[in-house]
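None of these values were measured; they are calculated from a predicted model. One-based numbering along the sequence shown. Atoms considered below: every heavy atom in the structure, side chains included; atoms not considered: hydrogens, waters and symmetry mates.
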Amino acid sequence: MIALIIIGLIFLLIVLLIIDFTCGSALHRKTAKERLYPKRNGDVTFYTEGYDLFEQLFSDVRNATKSIHVLFYIIRSDEVGQEFLTLLKEKRQQGVEVCLLLDWVGSSLTKKDIQLLREKGIKFSFTHKPTFPFLFYKLNTRNHRKITVIDNSIGYIGGFNIGKEYLGFNPKLGAWKDFHIRITGEGVADLQSQFCEDWKRETEEVLYPHEPSYNGTFPCSFQFKATDGKTLEQDFMTMIEKAKKDIYIGTPYFVPSQKLFQTLLDAIDRGVNVNILTPLKADHPLIPDSAFPYYKPLLKKGGRVFRHYYGFYHSKVIVIDDVMCDIGTANFDKRSLFLNKEINCYMYSPSFILQVKKIVCDNINDAEELMLEDIKKRTLFQKTKEQISKLVSPLL
């Protein structure tokens, strides 16, 4: 009798969670706000190593004179994170406006960290704190954007967060492979605008950044798109449908929607070379297995899958022929497609695209190719995890 009651309660809980998630998702789709910014021109610097990125980022923060606006999914409370927070506190003491916005789930800062920031005059807020109704759904949404804007003249977006693991100091994951970009010139104001919009949503405070000034011409053409779980699937599909020769997709999590995956298969059918680069190591117990339902049909069609084994591959990149590439915060998975707030940068300058493509190909050379024979050798335990991952794939 007790066992039946427990089973009944578990069943009821599952039903309530499904209702919560379904209704929350429906409301989200009605209220989602997404922005496609105009095409811009600027100077763009491409970073693939945490040391290089942090050295430049920390230097730009030190040289700030007016404002530092920071949005990260994660800032770790470790040595690297503390160095960054100390720098922010020092700049605030110098009279620089500092606003720090972190995801409620992603951030690992302690209450003491946050208290010290506020005591120094830093404006701090979490984003996506879960509330009723639809608590379960909101617990699964994230602000995954990573935006830094300094003096409204320097902007950063990409895949890196702040912490020592992004320098390769996580003993399990090893060397961290990621992509991040630094932008000056046109487009920085768009990043500033997006930060201010996210800040106002969480704090109801309107920020008034100073007007930027631009001098000279800029070599790179690009465009920002901020998504909120509504149009990213179609954006990616449109990019893939334009491919004529080759597609390179780098992502730590390969869990596309069925429509998006079918678009990839259709690309192979029309003669496009499709290459997927993912990590061999995992930072989640179900992530590697969740991709295998897609790998098998992809390989059968003639697509190629490479698994990066030298450290953890966290880059988010799509290269279409030699005419377009996407670098940003969105993964090639259902969470980024339908749940998260993301921001991507679509690059149109051939020289930059070729630079990115070369690095992706170099990363592929440091990876092992997955073959159909490898899939056939998977153990019963691995196949069981694969089936479990199918059930929870929207939340991975």
Residues Y295, T278; criterion side-chain hydrogen bond (donor to acceptor under 3.5 Å, both in side chains); working and verdict: CA-CA 11 Å; Y295 287 160; T278 61; 3.1 Å; yes
Would E79 and K164 satisfy salt bridge (charged side-chain N to carboxylate O under 4.0 Å, His left out), going step by step from the backbone distance to the final call? CA-CA 7 Å; E79 299 94 315; K164 65 181 184 180; 3.6 Å; yes
Are [X] and [Y] in one and the same hydrophobic cluster, where Ile, Leu, Val, Met, Phe, Trp and Tyr link if side-chain heavy atoms are under 4.5 Å apart?
X    : Y    : result
L57  : L100 : yes
L53  : Y166 : yes
I162 : I147 : no

For the side chain of [X] and the backbone of [Y], is there at least one donor-acceptor N/O pair under 3.5 Å apart?
X    : Y    : result
N63  : D60  : no
D151 : S153 : no
R40  : Y37  : no
T31  : L27  : yes
S193 : A189 : no
T238 : Q234 : yes
R92  : V96  : yes
K66  : E97  : no

Over 60° means perpendicular and under 30° means parallel, so classify the ring planes of F160 and F54, tilted if in between.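 Because their plane-to-plane angle is over 60°, the rings of F54 and F160 count as perpendicular.
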Please list, chain by chain and in numerical order, all residues satisfying salt bridge (charged side-chain N to carboxylate O under 4.0 Å, His left out) with [X], sequence neighbours excluded.
X    : value
E49  : K177
K146 : none
D333 : none
D228 : K341

Mind checking what makes side-chain hydrogen bond (donor to acceptor under 3.5 Å, both in side chains) contact with [X], not counting sequence neighbours?
X    : result
T217 : none
R62  : none
E202 : T127
T384 : none

Begin from the C-alpha positions of L277 and V317 and carry the test side chain to side chain contact (heavy atoms under 4.5 Å, CB included) through to its verdict. CA-CA 10 Å; L277 177 59; V317 60; over 6 Å; no
Derivation of the ring-ring contact (aromatic ring centres under 6.0 Å, His included) call for F134 and F136: CA-CA 6 Å; F134 314 127; F136 178 67; over 10 Å; no
Scan residues 360-370 for pairs that pass salt bridge (Lys or Arg N to Asp or Glu O under 4.0 Å), counting only residues two or more places apart or in two chains.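 Residue pairs with at least one partner in residues 360-370: R304-E369, R307-E368, K358-D362.
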All pairs passing salt bridge (Lys or Arg N to Asp or Glu O under 4.0 Å) where residues 266-285 contributes a residue, at least two apart: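 Passing the test, one end in residues 266-285: D269-K301.
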Distance from [X] atom [atom1] to [Y] atom [atom2], nearest 0.5 Å?
X    : Y    : atom1 : atom2 : result
I181 : T45  : CD1   : OG1   : 9.5 Å
K123 : L101 : NZ    : CG    : 13.0 Å
R76  : L85  : CZ    : CG    : 13.0 Å
L191 : T148 : CG    : OG1   : 9.5 Å
L71  : C196 : CG    : SG    : 11.5 Å
L9   : I14  : CG    : CD1   : 11.5 Å

According to the ring-ring contact (aromatic ring centres under 6.0 Å, His included) rule, which pairs have a member within residues 318-375, sequence neighbours left out?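 Qualifying pairs: F46-F352, F236-F332, F254-F332.
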Working for side-chain hydrogen bond (donor to acceptor under 3.5 Å, both in side chains), residues Q194 and D190: CA-CA 6 Å; Q194 188 59 52; D190 295 336; over 6 Å; no
Where is the tightest heavy-atom contact between [X] and [Y], given as atom of each residue plus distance?
X    : Y    : result
E342 : T329 : OE1-OG1, 2.6 Å
K200 : V206 : CE-CG2, 3.6 Å
S290 : P293 : O-CD, 3.3 Å
F306 : A367 : CB-CB, 3.9 Å
D178 : K316 : OD1-CD, 4.5 Å
S336 : N331 : OG-N, 2.9 Å

So, applying side-chain hydrogen bond (donor to acceptor under 3.5 Å, both in side chains) with K225, which one of T231, D326, N344 is it?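 With K225 as partner, T231, D326, N344 yield a single side-chain hydrogen bond (donor to acceptor under 3.5 Å, both in side chains), made by T231.
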Side chain to side chain contact (heavy atoms under 4.5 Å, CB included), that's the test. Do N143 and D198 meet it? Break it down for me. CA-CA 9 Å; N143 191 327; D198 286 350; 3.5 Å; yes
Run N273 and I268 through side chain to side chain contact (heavy atoms under 4.5 Å, CB included) and show every step you take. CA-CA 6 Å; N273 298 313; I268 298 173; over 6 Å; no
Check whether NZ of the Lys or CZ of the Arg R378 lies under 6.0 Å from the centre of the six-membered ring of F292 and within 45 degrees of that ring's axis.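 Yes; both conditions hold, so R378 lies above the ring face of F292.
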Would you call D321-K242 a salt bridge at under 4.0 Å N-O?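 Result for this pair is no, no salt bridge flagged.
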Output all residues satisfying ring-ring contact (aromatic ring centres under 6.0 Å, His included) with F84, sequence neighbours left out; order by chain, then residue number.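 Applying ring-ring contact (aromatic ring centres under 6.0 Å, His included) to F84 gives F58.
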Let me see the working for Y47 and H180 under ring-ring contact (aromatic ring centres under 6.0 Å, His included), right down to the final yes or no. CA-CA 5 Å; Y47 293 94; H180 220 90; 7.9 Å; no
Steps toward ring-ring contact (aromatic ring centres under 6.0 Å, His included) verdict (H69, W199): CA-CA 9 Å; H69 294 163; W199 182 263; 7.6 Å; no
